[in-house]
There are 4 protein chains.
Amino acid sequence: MTRNKLKEAALRLFGEKGYDGTALSEIAKEVGVKTPAIYAFFENKEDLFMTVFREAMLSYNAFIQELSEEKQAMSARDCLYGAVSRQSEFYRQHPEASMFVLRYVLFPPDFLKETIEKAFLQADELLTQAVERWIVQGIEEGAVREQPVQQLVDAFLNLMDGLSMQYFYYTSKEVYTRKVNNAFETFWSGVRS
Amino acid sequence: MTRNKLKEAALRLFGEKGYDGTALSEIAKEVGVKTPAIYAFFENKEDLFMTVFREAMLSYNAFIQELSEEKQAMSARDCLYGAVSRQSEFYRQHPEASMFVLRYVLFPPDFLKETIEKAFLQADELLTQAVERWIVQGIEEGAVREQPVQQLVDAFLNLMDGLSMQYFYYTSKEVYTRKVNNAFETFWSGVRS
Amino acid sequence: MTRNKLKEAALRLFGEKGYDGTALSEIAKEVGVKTPAIYAFFENKEDLFMTVFREAMLSYNAFIQELSEEKQAMSARDCLYGAVSRQSEFYRQHPEASMFVLRYVLFPPDFLKETIEKAFLQADELLTQAVERWIVQGIEEGAVREQPVQQLVDAFLNLMDGLSMQYFYYTSKEVYTRKVNNAFETFWSGVRS
Amino acid sequence: MTRNKLKEAALRLFGEKGYDGTALSEIAKEVGVKTPAIYAFFENKEDLFMTVFREAMLSYNAFIQELSEEKQAMSARDCLYGAVSRQSEFYRQHPEASMFVLRYVLFPPDFLKETIEKAFLQADELLTQAVERWIVQGIEEGAVREQPVQQLVDAFLNLMDGLSMQYFYYTSKEVYTRKVNNAFETFWSGVRS
DNA sequence: AATGAATGAGCGTTCATTCAT
DNA sequence: AATGAATGAACGCTCATTCAT
């Protein structure tokens with residue numbers, strides 16, 4: 001139990017204040033325990049961080065995996081729209097994990113620059129392939145205009161990245177939802193046949 | 001001179017390793033001076049940071065200002081494309097300032113959460129207005145299809161945000177340039193009449 | 001069983017790395033048990049140490065006792081040589097206890113400076129008396145030249161002390177055996193009639 | 001000044017209570033300074049220890065060097081006796097350095113087992129050579145009986161080692177002086193022609 | 001007899017900061 | 001303008017010890 005609470009507190013605090021900005025004592029206090037108790041569950045600060053990172057990455061990867069397994073029954077448009085809307089949903093449901101992942105993908109502490117790059121590349125490729133499939137499907141369905149697939153993939157991934165960033169500085173839900181829809185609709189206009 | 005070198009070192013290190021991850025001693029060492037020398041020029045760590053932050057923000061704002069003053073002589077498409085391409089150029093020419101701004105806009109340290117929000121909102125509005133102007137101009141020119149202006153503005157800002165993020169984790173220049181062009185072309189397809 | 005294994009591990013580790021340099025967790029680990037298990041057998045670290053110390057001292061004293069009971073049937077020379085050679089043998093057979101005793105006789109931790117001094121004085125006196133007896137016997141036998149007994153006793157005890165120290169930093173067995181013999185022979189030359 | 005006082009306090013405390021048994025705070029307190037001040041002069045605890053160790057070893061080596069340069073004008077007996085008596089004098093004049101050296105030669109902390117062995121071997125060889133010279137000189141002079149040189153060297157070094165140890169547990173000056181003389185006289189009896 | 005969880009005390013170390021020079 | 005010496009505060013971590021199980 002304590003172990004889990006420690007991980008949750010760590011996820012939130014590391015995500016909000018960064019690795020160096022978060023003292024183990026803060027994490028411990030949030031759980032109602034003294035600092036050394038942490039060492040009963042984790043080797044050291046780095047280990048706690050890595051454990052949390054690994055699980056956040058896992059949950060993010062699982063989400064991407066799920067996304068990419070979107071039933072082929074759906075139309076290409078629905079698949080693509082589903083991706084952005086479920087991404088938002090994921091952020092809303094796992095704000096701590098999301099912030100954590102975003103922070104350390106962009107600004108990894110020195111000691112895990114490589115680890116993070118590798119871990120994230122995996123998610124990236126998975127998503128890229130899924131998007132590619134949807135686009136190709138769209139073209140086959142005739143819903144998407146014939147054009148180089150990569151161009152559309154790049155554009156869609158850019159759309160998702162932009163929305164990722166925006167989620168964290170447009171705190172208003174309505175504004176954000178509007179942005180999601182507007183960006184997607186414009187993308188779709190540029191893509192549909 | 002020393003003062004300037006301190007600011008440069010601080011800009012780079014704060015940007016790369018974060019506020020808490022950067023010791024004043026590192027900054028001093030990079031300049032070839034002992035830590036207490038910093039206090040001859042700055043009140044304390046926070047002051048040094050804020051000074052650097054202010055100037056980075058200023059330079060970023062100036063860049064946005066410049067962008068937004070794009071000669072109306074150019075076509076809407078050129079203006080818009082100019083924006084994304086000059087953004088990339090800015091990143092390339094001022095990588096430290098860019099990383100710094102991106103980092104602290106997304107993850108400000110507690111003590112300047114508000115300051116940063118305000119400062120950045122300004123830049124955001126400036127850019128929003130410029131984009132709006134270009135779009136309207138595009139519609140007037142007939143180059144842009146008639147549609148709600150805000151939708152297109154949102155989409156374009158999303159495009160730029162996405163490219164911002166991507167600049168910092170796609171280190172390959174060619175890949176990035178391709179992404180810029182692909183994302184822009186798709187956007188333009190969705191927008192032009 | 002565990003209790004004994006704990007004492008063995010403690011004897012070795014306290015002897016090798018010192019009281020402060022040995023963590024209870026190391027001792028426990030060596031026995032394949034968790035640290036708190038120690039408290040089922042010993043009151044605390046000091047108690048474990050004292051128990052081990054007491055037994056090491058006991059075994060050392062028993063050895064000295066045995067030495068000192070050397071059958072009078074033997075010649076004085078044989079008794080004296082027997083003492084040094086059996087000392088070496090004791091070191092070889094009980095290296096842990098020997099190192100332990102040597103360490104804490106020379107460098108006792110504050111909390112048992114007195115205890116140790118007392119305990120060791122006892123052994124010292126016992127040995128002194130035995131040596132005295134052998135020397136006197138030697139003189140009576142005519143094997144030892146007539147001279148003040150104390151001088152010879154002091155010299156012989158010095159010989160043994162020197163060999164104690166040397167045992168622990170001349171790790172080569174042959175070198176050490178040579179030194180034992182050479183030192184003894186020279187001593188004997190200075191003593192015999 | 002502070003630096004020197006730190007070294008002195010460290011020499012004494014490390015010698016008396018061991019590396020692990022001595023807290024930096026004790027050393028600092030003895031000098032009238034707060035713990036972090038130590039880091040202005042030494043990299044860390046190990047560095048402080050090594051610095052002190054190096055200098056203690058240096059002073060010990062210098063003493064051995066001086067010993068070994070004993071004017072050849074003196075008789076062999078005087079040279080040899082000079083060695084033991086000057087050794088005692090050195091202990092009396094530099095009790096802290098002596099205890100320190102003895103402690104760490106016999107019981108080095110793990111991290112400098114090798115360093116210490118090397119350092120001490122040097123002193124050992126220097127002394128061995130000097131003793132050899134004196135013995136040979138004694139034989140040439142006719143003062144020392146003809147016998148294998150190594151035997152006498154071993155015996156003499158054993159004498160010195162024994163006296164080293166005894167210095168630290170026979171605190172009474174008179175007792176110690178008696179032991180020095182008695183041990184030496186017996187040695188000399190066994191050696192002279 | 002043994003353990004997992006937890007803690008108080010303390011340690012080595014870093015760091016921002018001050019101050020006299 | 002710059003430094004060496006020093007410090008208070010805090011941090012990561014270890015360790016002996018306790019306690020409920």
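- The D/P36 side chain lies nearest to E/dC15 when the options are E/dC11, E/dA6, E/dC15.
- Summarising the geometry, the separation between CG on D/N44 and P on F/dC13 is reported as 17 Å, rounded to the nearest angstrom.
- The shortest distance between the side-chain N/O atoms of A/T2 and the OP1/OP2 oxygens of E/dA6 is below 4.0 Å.
- Rounded to whole Å, the distance from NZ on A/K29 to P on E/dG8 is 13 Å.
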>> Walk me through whether A/S164 and A/Y91 qualify under side chain to side chain donor-acceptor pair (under 3.5 Å).
In response: CA-CA 8 Å; A/S164 295; A/Y91 290 160; 2.6 Å; yes

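- For A/Y39, the side-chain atoms get nearest to F/dT14 when compared with the rest of F/dT17, F/dT14, E/dT13.
- Considering only the side chain of D/S25, E/dC11 comes nearest among F/dA16, F/dC11, E/dC11.
- Note: B/F100 and B/F49 have tilted aromatic rings, judged against thresholds of 30 and 60 degrees for the angle between ring planes.
- Atom CE in B/M1 sits about 11 Å away from atom P in F/dA2, given to the nearest Å.
- Between D/E26 and D/K17, the closest side-chain pair of non-hydrogen atoms falls below 4.5 Å.
- In terms of position on DNA chain F, the residue among A/E26 and A/E43 whose nearest nucleotide sits closer to the 5' end is A/E26.
- Distances shorter than 4.0 Å separate some side-chain N or O of B/K34 from OP1 or OP2 on F/dG4.
- In this structure, F/dA20 and E/dT3 make a Watson-Crick or G-U wobble pair, each of the two defining distances being under 3.5 angstrom.
- Of all nucleotides present, only F/dA9 satisfies the Watson-Crick or G-U wobble test against E/dT14, with each distance under 3.5 Å.
- Here the nucleotide nearest the side chain of C/L24, chosen from F/dA9, E/dG12, F/dA16, is F/dA16.
- Distance check: B/K113 NZ to B/K118 NZ gives 14.5 Å after rounding to the nearest 0.5 Å.
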